[in-house]
**Student:** 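Just passing along the structure, written as structure tokens.
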Amino acid sequence: MPDSALEAATRQIRAAIADPALRPVVRTFFDEATFTATHVAHDPATRAAAVIDSVLDYDAASGRTNFASAEAVVAYVREHELKVEWQLETHAHADHLSAAPWLQEQLGGKLAIGADITRVQEVFGKIFNAGTAFARDGSQFDRLFHDGETFSLGNIPAIALHVPGHTPADMAFIIGDAAFIGDTLFMPDYGTARADFPGGDARRLYRSIRRLLSLPDETRLFLCHDYKAPGRDTFAWETTVGAEREHNVHVHEGVLEDDFVNMRTSRDKTLDLPHLIMPSVQVNMRGGHMPEPEDNGVSYIKIPINRL
Ligand SMILES: [Fe+2]
């Protein structure tokens with residue numbers, strides 16, 4: 001069956017490779033506390049911008065939030081006089097809280113995520129017994145993207161690809177020649193994202209990755225995380241399809257689906273849950289909003305015992 005979304009993405013990337021005016025400028029902010037890369041992409045002609053995967057700083061011991069990471073993004077946007085049109089989330093993150101609602105107040109932009117966020121809301125709504133006040137229809141977001149849906153950043157065309165596996169709802173947002181691929185691939189020397197969270201699936205992840213790796217070799221890939229790697233002492237978050245195809249330690253050319261699934265499944269069994277999974281999931285499933293305050297006006301994060 002032809003993959004028309006992938007074909008459209010390939011055409012868009014080829015056009016951007018041929019014409020520099022269709023390539024976004026990308027600036028990355030790296031949060032060393034959660035190993036998260038927040039990207040700001042913009043069209044240099046119109047200054048239209050997108051913020052991808054922002055971070056709200058959170059201290060788990062005290063339950064306090066702060067905005068230092070998000071303020072750095074605001075300062076950059078103001079300094080460069082960018083017009084934020086999108087706050088994009090590649091998925092509902094389990095390792096950091098999103099600052100998208102706060103950034104939306106400061107800078108504007110439509111908040112968007114993959115349409116299957118409703119499945120994530122269903123699963124975690126049950127786990128956290130979130131009750132009827134918690135809508136599981138994605139209505140916390142301004143736009144829900146399906147596979148192959150297009151949008152734009154000023155004059156630069158963009159397309160969303162559904163790349164499930166790490167979670168059911170993961171999206172890759174491809175703006176010109178730059179693909180923001182969330183938690184699918186990491187740097188070639190580190191490998192791939194885990195697939196063992198509720199709703200995750202190593203086989204789906206492999207197929208999503210194969211799709212991404214069939215984009216043109218020159219496609220710029222921007223990752224959501226980096227953890228360094230043996231022999232590499234600096235953080236990195238940008239690579240290309242060609243480099244991943246040739247060198248990715250988990251999924252380079254020639255690695256078969258079953259071998260990947262076996263590797264991923266056994267490796268995931270050795271991983272601890274992310275330090276911030278409890279607050280992250282409860283906040284991010286609500287589009288970055290805190291749980292509804294209780295009758296004393298305070299919001300609380302729940303911890304289900306023996307459930308995750
Ligand atoms: Fe993630």
Side-chain angles (χ1 to χ4, degrees), residues 28-39 51-58 60 69 87-100 111-121 123-124 127-128 138 141 145 160-173 179-187 190-209 212 221-228 235-239 244 248 250-251 264-265 267-288 308:
T28 299
F29 298 82
F30 194 79
D31 174 38
E32 294 198 13
T34 63
F35 306 101
T36 303
T38 296
H39 307 289
V51 179
I52 301 130
D53 292 330
S54 61
V55 173
L56 174 68
D57 304 304
Y58 180 77
S69 294
Q87 304 280 351
L88 301 175
E89 296 287 330
T90 55
H91 61 293
H93 308 278
D95 52 13
H96 68 275
L97 283 65
S98 167
L111 176 57
I113 200 164
D116 280 0
I117 185 65
T118 54
R119 295 183 49 197
V120 175
Q121 290 177 325
V123 169
F124 284 108
I127 290 175
F128 289 101
F141 298 86
F145 277 106
L161 293 184
H162 185 209
V163 287
H166 170 66
T167 78
D170 281 59
M171 299 303 284
F173 296 110
F180 301 88
I181 60 173
D183 290 2
T184 50
L185 293 156
F186 293 136
M187 289 301 282
Y190 194 86
T192 56
R194 66 195 296 173
D196 60 332
F197 294 150
D201 183 328
R203 202 165 289 281
R204 290 185 93 192
L205 178 61
Y206 179 89
R207 292 175 188 175
S208 294
I209 287 172
L212 291 172
L221 298 181
F222 292 90
L223 318 178
C224 187
H225 295 292
D226 185 56
Y227 307 93
K228 299 181 178 168
F235 290 111
W237 44 77
E238 180 180 353
T239 181
E244 293 280 19
N248 188 289
H250 294 169
V251 283
R264 192 65 265 172
T265 311
R267 185 175 149 85
D268 286 349
K269 291 199 176 98
T270 70
L271 301 176
D272 292 329
L273 284 180
H275 175 54
L276 294 181
I277 189 169
M278 299 294 181
S280 300
V281 170
Q282 288 172 81
V283 169
N284 296 339
M285 72 181 188
R286 295 177 164 90
L308 279 187

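Predicted model only: the values in this text are computed from it and were never measured. Counting starts at 1 for both ligands and their atoms, following the listed order.
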**Student:** Report the C-alpha distance between Thr28 and Glu238 in whole Å, list the side-chain angles of each, state the deciding distance to 0.1 Å, and finish with yes or no for side chain to side chain donor-acceptor pair (under 3.5 Å).
**Tutor:** CA-CA 9 Å; Thr28 299; Glu238 180 180 353; over 6 Å; no
**Student:** Is His166 close enough to the Fe ion (ligand 1) to have an N, O or S atom under 2.8 Å?
**Tutor:** yes
**Student:** If we ignore hydrogens and angles and just use 3.5 Å, is the side chain of Asn248 paired with the main-chain N or O of Gly191 as donor and acceptor?
**Tutor:**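 Judged by distance alone, yes, a pair lies under 3.5 Å.
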**Student:** Using 2.8 Å as the threshold, say whether any N, O or S atom from His93 sits that close to the Fe ion (ligand 1).
**Tutor:** no
**Student:** Among the N, O or S atoms that Asp183 has, which is closest to the Fe ion (ligand 1)?
**Tutor:** OD2
**Student:** Which class fits the ring pair Phe173 and Phe145: parallel under 30°, tilted 30 to 60°, perpendicular over 60°?
**Tutor:**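 Rings of Phe173 and Phe145: perpendicular, as their planes differ by over 60°.
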**Student:** Could you report the tightest heavy-atom contact between His166 and Ala193, atom names first, then the distance?
**Tutor:**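 The answer is ND1-CB, 3.9 Å.
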